[in-house]
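Below, each value reflects all heavy atoms present in this structure, side chains not excepted, and no hydrogens, waters or symmetry copies. On a predicted model such as this, the values are computed, not experimentally measured, just so you know.
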Amino acid sequence: MPTGHVDVASLQRTALALLVAVVANALSFVLLAILIYLAINDRSLTAVMAIDTLFFLGTGILSLIILSLWVGNAYGAACRLRRIEPRFSPTVLSLLSFLSPLVCGLPISYALDFICVRVASPDKKTMQWYSAGSRSFAVNVFAIFCIASCTLLILPAFVSLHTTTRGGCIFLGLILLVAALLVGVHIVFATNRKIVVLAGAS
């Protein structure tokens, strides 16, 4: 497969957009936590809390969309730079990445592993369906946060829990979800730097 052109500028713009969305998401979550605490004694904050909740959900979905788009584009760039025939189209991989929360973030974790490992090395093995982990520490952390977050968010729907315990599971699940997005930002910027170097060397 020919090296072809890699749109590094587009990858960097996507990374910047992701950073803005994830920071907004994290700040809205911190505000939401504060509002939940204050609303115990002040019911007038309920409307503000509802608005912030919608903003938190919106920025979370936006962050996932942007990250999924980056995954598709970075996958295509990695394949071109390493002269690999892609197994998936970038569009299909982006879609699978966006739907990842339905299966504990596994598709996007596998995609990030391939991108990170292949950009760093032309011959190191990437994850297979039976793999227990990635050669990339950051991808492993991302995957663990995703799996733990999904487990904690889904658990209250299937297990009878005390109200306080249920709330704690959901709150911790959301913290881990925000943490996963922050790790995702780190992966994106670190990989972009490697792509820039690799593209320059090509």
Side-chain angles (χ1 to χ4, degrees), residues 5-33 52-81 86 88-120 126-127 134 136-150 153 173-200:
H5 173 68
V6 173
D7 192 349
V8 174
S10 177
L11 289 171
Q12 292 176 327
R13 285 193 300 270
T14 305
L16 183 58
L18 177 64
L19 176 63
V20 172
V22 171
V23 168
N25 182 253
L27 292 177
S28 66
F29 179 74
V30 172
L31 178 59
L32 181 60
D52 186 57
T53 299
L54 290 175
F55 186 75
F56 169 69
L57 293 174
T59 52
I61 293 171
L62 179 62
S63 298
L64 181 58
I65 291 172
I66 296 171
L67 179 57
S68 298
L69 291 173
W70 180 87
V71 165
N73 292 333
Y75 173 76
C79 288
R80 284 193 293 274
L81 289 169
F88 305 96
S89 75
T91 303
V92 169
L93 198 60
S94 291
L95 179 59
L96 290 173
S97 297
F98 178 71
L99 297 175
S100 283
L102 299 176
V103 283
C104 297
L106 293 179
I108 196 169
S109 297
Y110 278 88
L112 288 173
D113 167 79
F114 177 88
I115 294 165
C116 291
V117 173
R118 195 50 67 235
V119 167
T126 56
M127 289 175 68
S134 169
S136 166
F137 176 76
V139 172
N140 284 329
V141 173
F142 177 86
I144 290 170
F145 282 167
C146 285
I147 293 169
S149 173
C150 288
L153 292 173
L174 291 175
I175 289 176
L176 291 173
L177 186 59
V178 173
L181 288 173
L182 290 171
V183 174
V185 170
H186 165 72
I187 291 172
V188 166
F189 274 87
T191 306
N192 272 359
R193 287 193 293 270
K194 293 178 182 177
I195 288 175
V196 169
V197 173
L198 189 58

Return the minimal non-hydrogen interatomic distance between [X] and [Y], and the atom names on each side.
{"X": "Ser97", "Y": "Pro101", "result": "O-CD, 4.1 Å"}
{"X": "Ala77", "Y": "Leu11", "result": "CB-CD1, 4.2 Å"}
{"X": "Gly72", "Y": "Ser94", "result": "CA-OG, 3.3 Å"}

**Study point:** side chain to side chain contact (heavy atoms under 4.5 Å, CB included) assessment of Leu95 paired with Phe88
**Key:** CA-CA 11 Å; Leu95 179 59; Phe88 305 96; over 6 Å; no

Point to revise | Residue pairs passing the ring-ring contact (aromatic ring centres under 6.0 Å, His included) test where at least one lies in residues 97-118, sequence neighbours excluded | key: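 ring-ring contact (aromatic ring centres under 6.0 Å, His included) check on residues 97-118 returns Tyr75-Phe114.
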
Could you state the interatomic distance from [atom1] ([X]) to [atom2] ([Y]), rounded to the nearest 0.5 Å?
{"X": "Leu177", "Y": "Leu182", "atom1": "CG", "atom2": "CG", "answer": "10.0 Å"}
{"X": "Asp7", "Y": "Gln12", "atom1": "CG", "atom2": "CD", "answer": "9.5 Å"}
{"X": "Cys116", "Y": "Lys194", "atom1": "SG", "atom2": "NZ", "answer": "7.0 Å"}
{"X": "Ile108", "Y": "Asp113", "atom1": "CD1", "atom2": "CG", "answer": "12.5 Å"}
{"X": "Leu19", "Y": "Thr14", "atom1": "CG", "atom2": "OG1", "answer": "12.5 Å"}
{"X": "Asn73", "Y": "Thr91", "atom1": "CG", "atom2": "OG1", "answer": "8.5 Å"}

Check your understanding: Residues in side-chain contact (heavy atoms from CB on, under 4.5 Å) with Ala21, at least two apart?
Key ->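 Applying side-chain contact (heavy atoms from CB on, under 4.5 Å) to Ala21 gives Leu62, Ser63, Ile66.
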
Exercise for review: Taking side-chain contact (heavy atoms from CB on, under 4.5 Å) as the test, write out the residues that go with Leu31, two or more places apart.
Suggested key: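 Leu31 satisfies side-chain contact (heavy atoms from CB on, under 4.5 Å) with Leu35, Asp52 once adjacent residues are dropped.
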
Review point. Could you go step by step and tell me if Phe55 and Leu32 meet the side chain to side chain contact (heavy atoms under 4.5 Å, CB included) rule?
Key: CA-CA 10 Å; Phe55 186 75; Leu32 181 60; over 6 Å; no

Quick one: does [X]'s side chain get under 4.5 Å of [Y]'s, heavy atoms only?
{"X": "Leu81", "Y": "Val119", "answer": "no"}
{"X": "Leu99", "Y": "Pro107", "answer": "no"}
{"X": "Val71", "Y": "Leu93", "answer": "yes"}
{"X": "Phe56", "Y": "Val178", "answer": "yes"}

Exercise for review: Among residues two or more places apart or on two chains, list those pairs meeting side chain to side chain donor-acceptor pair (under 3.5 Å) that have a residue in residues 175-191.
Suggested key: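 Every candidate side chain to side chain donor-acceptor pair (under 3.5 Å) pair involving residues 175-191 fails, so no pair, neighbours aside, qualifies.
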
**Study point:** Qualifying side chain to side chain donor-acceptor pair (under 3.5 Å) pairs, either residue in residues 20-29, two or more places apart
**Key:**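 Every side chain to side chain donor-acceptor pair (under 3.5 Å) pair that includes a residue of residues 20-29, provided the two are not neighbours, is Asn25-Thr59.
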
Review point. Just by modelled atom types, is the Gly173 backbone N or O under 3.5 Å from a matching donor or acceptor in the Ser149 side chain?
Key: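 Here the side-chain-to-backbone pair exists.
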
Contacts under 3.5 angstrom, residues 136-148 side chains, donor-acceptor by atom type, not counting sequence neighbours:
| residue | atom | partner | partner atom | Å |
| --- | --- | --- | --- | --- |
| Ser136 | OG | Val139 | N | 3.3 |
| Asn140 | OD1 | Ser134 | N | 2.7 |
| Asn140 | ND2 | Ser134 | O | 2.9 |
| Asn140 | ND2 | Ser136 | O | 3.4 |

